[in-house]
Amino acid sequence: MVVKTEDGRELRSFNFKEEDQSQEVRAVERRVLLETLAGHLPQDTIQYSSRLASIEATPNGDTLLELVDGSKLLAKIVIGCDGIRSPIAKWMGFPEPKYAGHCAFRGLASYPDGQPFGPRVNYIYGRGLRAGYVPVSPTKVYWFICFNSPSPGPKITDASVLKNQAKELVRNWSSELLNIMDSTPDDTIIRTPLADRWLWPSITPPASAGRVVVVGDAWHPMTPNLGQGACCALEDAVVLAKKLALAIKSEDPSSVEGALMSYGSERWSRVFPLTVRAYLVGSVLQWGNPLVCSVRNNIVLPKLVKLGPMLEHTNFTCESL
Ligand SMILES: Cc1cc2nc3c(=O)[nH]c(=O)nc-3n(C[C@H](O)[C@H](O)[C@H](O)COP(=O)(O)OP(=O)(O)OC[C@H]3O[C@@H](n4cnc5c(N)ncnc54)[C@H](O)[C@@H]3O)c2cc1C
């Protein structure tokens, strides 16, 4: 991993294995991850284009789901993994995610003849503005820019406008990121207001209600400052699958509800502290004060930061399935 200033000066470089033998970074393109996971399921398990329109509890504890195409599903168990704006979480009484004060642009640069970068995570720290890029395959490079904004701003769908806005933010930086952005197809660029939801005990609803449960961003949206949102969603899925498998095998009809509750309490102690920590890290990284940024660039990053303790949060053992 390499950390640089906006004018391209290298502040520090880290080797994950040297800092901590158990650590490595794997940058995975979302499409590849989803296709790989889906590829392990029997054919036709997933029904695509099934947008949920409404959800309703029935007297026997089943749940009636109505899709936007008008079709209805009567479900014994509902696992709501429908993202940060989850209609299922809303129905369960979760508050809307809270805007964190910064937004991110993301894009995927394409190099059909091969991308020229080494296998390194590159961070660039500016003032109230930070960016990064990392190769995700021999021909693709993922990049992001995170910037302060008092409000989430209007939704912009014109990809070329998004690209120009993103480029404008780093116009005066060294050209490396701008060149990567120039190799980025417009339609891969998105702008996301960053938001999270803090799961206060006794105030926020539990992860499950009866036989309906939420997973991933639907339950615990967190800011991406620790790079853990999707990782935690995968961990959730493994823990839930193990508990549900045991419950479904058991003869006790209430065991499914018990399994969902046990999933919620086990995962809460992992995801709540991470959500708070990600928010705090983001607040520090987005500081725009010139004096603070100078201390960060000249003292904290080059001399004080140790990578090992900063990666401790990524340690999680799922045990065997
Ligand atoms: C800038 C940025 C950078 C990030 N970087 C990282 C990182 O480095 N590492 C990391 O681990 N995480 C990262 N994350 C977080 C990560 O993207 C999320 O945590 C992750 O995508 C959550 O997965 P999910 O399956 O819960 O939700 P999603 O990926 O949002 O999937 C939700 C699914 O539900 C579907 N859906 C929504 N509404 C409905 C409906 N009404 N009916 C039916 N389906 C519906 C959607 O179409 C979608 O397919 C980052 C996030 C951002 C914004």
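Read the numbers this way: they start at 1 and go in the same order the structure lists the ligands and their atoms. Here the structure is a predicted model, which means the values were calculated and not measured.
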Quick look: C81 vs ligand 1, heavy-atom contacts under 4.0 Å, and the answer is backbone
Option nearest atom 14 (N) of ligand 1 (shortest heavy-atom distance, choices S54, C231, P224, A278)
P224
What are the atoms of ligand 1, with element, lying closer than 4.0 Å to any heavy atom of L52?
40 (C), 41 (N), 42 (N), 43 (C)
Does the pair D217/R85 count as a salt bridge with the N-to-O cut at 4.0 Å?
no
Please check if a non-hydrogen protein atom sits closer than 4.0 Å to atom 47 (O) of ligand 1.
no
Under 4.0 Å from atom 18 (C) of ligand 1, is there at least one protein heavy atom?
yes
Salt-bridge criterion met for E96 and R197 (N-O under 4.0 Å)
no
Can you list the atoms of ligand 1 that are under 4.0 Å from a heavy atom of A104?
1 (C)
Looking at atom 32 (C) of ligand 1, would you say a protein heavy atom lies below 4.0 Å from it?
yes
Look at atom 7 (C) of ligand 1 and say which protein heavy atom is nearest, naming residue and atom and giving the distance to 0.1 Å.
G227 CA, 3.6 Å
Closest to atom 30 (O) of ligand 1 among P193, S50, G83, C103 (heavy-atom distance):
G83
Among R30, H220, R106, which one has a heavy atom closest to atom 52 (C) of ligand 1?
R106
Considering only the protein, which heavy-atom contact is closest to atom 23 (O) of ligand 1, and what is its distance?
A233 CB, 4.1 Å
